Chemist: 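My questions will all concern the structure given below.
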Amino acid sequence: MHDAYEPVPILEKLPLQIDCLAAWDDWLLVGTKPGHLLLYRIKKDAGTNRFEVTLEKSNKNFSKKIQQLFVVSQYKILVSLLENNIHVHDLLTFQQITVVSKARGATLFACDLQQSSSGEAKLRMCVAVKRKIQLYYWKDRDFHELQGDVAAPDVPKSMAWCENSICVGFKRDYYLIRMDGRGSVKELFPTGKQLEPLVAPLADGKVAVGQDDLTVVLNEEGVCTQKCALNWTDIPVAMEHQPPYIIAVLPRYVEIRTLEPRLLVQSIELQRPRFLTSAGSNVVYVASNHFVWRLVPISIASQIRQLLQDKQFELALQLAKMKDDSDADKRQQIHHIQNLFAFNLFCQKRFDDSMQVFAKLGTDPTHVIGLYPDLLPTDYRKQLHYPNPLPALSGAELEKAHLALIDYLTQKRSHLVKQLNDSDPSTTSPLMEGTPTIKSRKKLLQIIDTTLLKCYLHTNVALVSPLLRLENNHCHIEESEYVLKKAHKYSELIILYEKKGLHQKALQVLLDQSTKANSPLKGHESTVQYLQRLGEMNILWLFFIFWFFCFQIFTEDLTEVETLPRDKVLNFLKEGFKELAIPYLEHIIYMWDETRPEFHNVLIQLYLEKVQGLMKVYLNSLPEGQTHSSCHVFMVMLSSVFPKKQASCDWVYFIVFV
């Protein structure tokens with residue numbers, strides 16, 4: 001709860017009993033039980049909540065009985081129910097203009113002032129006369145019949161216009177009468193246990209209808225427009241709509257609530273209040289039999305501050321839209337409150353609602369992703385700030401949150417991809433003022449795609465591959481590589497490498513996985529398929545992988561491989577894959593400690609053949625006429641091919657120098 005109004009006394013201990021009120025601009029009309037009509041001028045002192053109250057007129061002979069008053073300031077007339085008939089007086093002089101003679105015996109009336117698109121006002125009136133409802137319109141300083149009388153099932157106790165319908169409360173039931181030329185009548189629902197029904201017009205053309213301590217809102221079709229009824233702490237006797245508030249007079253106090261969201265805003269204790277009227281926006285009067293108070297609104301800025309502290313963001317937004325600030329300041333505050341609202345929805349674990357608000361606001365997606373654990377790089381996440389500590393999420397809650405984020409990011413991704421080639425920077429806004437935002441669309445897409453990958457790994461692994469196969473997939477390679485390896489998703493990792501052109505890494509993964517018993521990539525079929533997809537332009541990869549597989553087959557660190565007949569393996573390699581003979585001999589000599597001379601001799605022979613080839617290249621590269629004694633360059637070439645620490649290579653160096 002917060003203070004929306006302050007009650008300020010206007011009239012105290014009035015000697016005449018008050019029976020009805022009406023107000024406009026700075027004027028207050030009071031109808032009294034003896035039939036006196038009192039006109040007060042109410043002027044507010046600048047900078048205070050005090051008022052200067054002046055009795056401007058007192059008409060002691062206005063009527064013997066003043067039952068109801070209604071001011072139409074646009075026409076400068078006062079419509080009143082006096083001694084069970086409808087009278088119209090001049091608002092300035094109180095001179096009588098007309099009497100609706102047909103309405104003799106009236107017990108109730110309700111007026112409706114409509115503004116046309118041209119700005120012209122149109123006044124309609126319905127009058128309850130016994131069990132009939134008469135309909136009139138105002139023209140040429142008189143009321144004329146709008147259509148024929150409508151028969152009512154009982155004597156109306158309360159009435160209000162609702163667009164082109166009239167909602168009528170009888171002793172036991174509410175009805176809706178349509179202005180369709182036929183006077184169609186629709187029964188609504190019982191009035192409840194209360195002695196008097198209550199129908200009050202709302203600012204948006206609907207009506208508030210009371211049923212004991214409940215109030216429902218109906219449209220002109222008689223359909224309830226609110227999910228839930230307002231629940232008062234007692235039975236209201238009068239109601240007034242002052243958006244965003246609805247004010248009700250209860251037997252002991254005035255209660256202020258909101259329709260959307262449904263909140264109890266304030267309770268104001270007054271001495272036996274009975275009547276309620278307004279002179280337009282923010283000018284509300286409450287009266288008891290001998291007192292009149294004015295409900296003075298607390299400044300909107302103060303209310304918003306209190307509402308933000310109480311985390312009542314929806315109501316704060318409604319008030320922010322009503323402020324008189326400049327458009328730029330108003331937009332900035334509304335945007336700030338909406339971000340706080342979206343953040344609060346997230347903290348309440350209303351993830352879908354939160355994401356929808358963030359999407360409408362254009363909040364930087366990285367700030368939204370930062371609400372979740374372990375989705376952003378730690379260094380960047382530390383730069384983000386939030387209004388309050390983030391909720392701890394795990395299990396089913398975290399999955400639900402991830403699903404909402406996926407929907408949000410998918411929408412953002414689609415939007416960014418369409419704008420990828422735009423020259424203007426991305427226009428996102430921070431969740432908290434002063435927090436850095438990312439302007440580059442490519443960078444945003446990289447973060448969004450990488451985050452989608454992580455979310456899919458948490459929620460639906462089947463979506464990982466389609467994401468990685470997208471031609472415009474922007475997943476960050478190192479981060480994606482890390483999470484896929486951590487999740488043991490090697491098939492998906494290969495898709496990532498393939499789409500990014502990292503074929504060597506892909507082939508290495510295929511090779512590693514081909515020998516693992518439980519791997520879906522076991523065997524060489526996946527490798528063959530991968531190589532086939534590379535096409536002619538990448539035929540060199542075929543040589544690479546073939547070379548690698550052959551070498552792997554004969555050097556694998558397995559007992560079965562180590563005990564293979566080495567002479568037969570060597571002969572096989574020399575005949576078909578001579579370039580693998582040297583690595584094989586080096587492996588069996590230096591890794592498996594092969595000591596038989598024949599293998600050492602073959603290795604030396606192969607080294608010599610290689611040296612002769614290098615020498616030929618070297619000699620051909622010398623300028624004509626240069627001596628062959630410059631061996632330094634050649635030795636550099638030689639050392640790049642043969643590691644000098646190997647014993648067999650020492651023989652090569654020795655032979656070269658000899």
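Bear in mind that the values here come from a model prediction, so they are computed numbers and not experimental data.
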Chemist: Could you note down all residue pairs passing salt bridge (charged side-chain N to carboxylate O under 4.0 Å, His left out) where residues 378-394 supplies at least one of them, sequence neighbours left out?
Modeler: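 Pairs touching residues 378-394 that pass the test: none.
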Chemist: With a 4.0 Å cut-off on N to O distance, would you call R596 and E594 a salt bridge?
Modeler: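 Result for this pair is yes, salt bridge flagged.
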Chemist: For K311, which residues count as a side-chain contact (heavy atoms from CB on, under 4.5 Å) partner, sequence neighbours excluded?
Modeler: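 Here the qualifying residues are F313, N344, N388.
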Chemist: For S326, what residues pass the side-chain contact (heavy atoms from CB on, under 4.5 Å) criterion, not counting sequence neighbours?
Modeler: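 With neighbours one apart ignored, the set is A328, D329.
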Chemist: May I ask you to check whether F351 and F346 place their ring centers less than 6.0 Å from one another?
Modeler: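 Ring centroids of F351 and F346 are less than 6.0 Å from each other.
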Chemist: Got Q332 and D325 here, is their nearest side-chain heavy-atom distance under 4.5 Å?
Modeler: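 Q332 vs D325: side chains apart.
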Chemist: Between D310 (side chain) and Q312 (backbone), is there a donor-acceptor pair under 3.5 Å?
Modeler: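 Not at all, since once roles are kept as given, no pair shorter than 3.5 Å links the two residues.
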Chemist: Applying side-chain contact (heavy atoms from CB on, under 4.5 Å), can you list everything that pairs with M322, at least two apart in sequence or on another chain?
Modeler: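 Listed in chain order: P244, I300, L319.
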Chemist: Can you measure from OG (S429) to CZ (F358) and round to the nearest 0.5 angstrom?
Modeler: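 Between S429 OG and F358 CZ, I get 9.5 Å after rounding to 0.5 Å.
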Chemist: Quick check against the 3.5 Å criterion: does N473 have a side-chain atom that pairs as donor or acceptor with the backbone of L468?
Modeler: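 At least one qualifying donor-acceptor pair exists.
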Chemist: Distance-only, no hydrogens or angles: does the T451 side chain make a donor-acceptor pair with backbone N or O of I447 under 3.5 Å?
Modeler: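 Here the side-chain-to-backbone pair exists.
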Chemist: For residues 363-372, which residue pairs qualify under side chain to side chain donor-acceptor pair (under 3.5 Å), counting only residues two or more places apart or in two chains?
Modeler: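 Found N339-T363, D364-T366, D364-T428, T366-Y380.
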Chemist: Just by modelled atom types, is the L375 backbone N or O under 3.5 Å from a matching donor or acceptor in the K454 side chain?
Modeler: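 Pair found, side chain donor or acceptor close to backbone of L375.
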Chemist: When you measure from the side chain of K443 to the backbone of I438, do you find a donor-acceptor pair of N or O atoms at a distance under 3.5 Å?
Modeler: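 Not at all, since once roles are kept as given, no pair shorter than 3.5 Å links the two residues.
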Chemist: Any donor-acceptor pair under 3.5 Å linking the side chain of Q513 with the backbone of S519?
Modeler: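 Not confirmed, Q513 side chain does not pair with S519 backbone.
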Chemist: Tell me, please, which residues at least two apart from A506 pass side-chain contact (heavy atoms from CB on, under 4.5 Å).
Modeler: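 side-chain contact (heavy atoms from CB on, under 4.5 Å) check on A506 returns I494, Y497, Y530.
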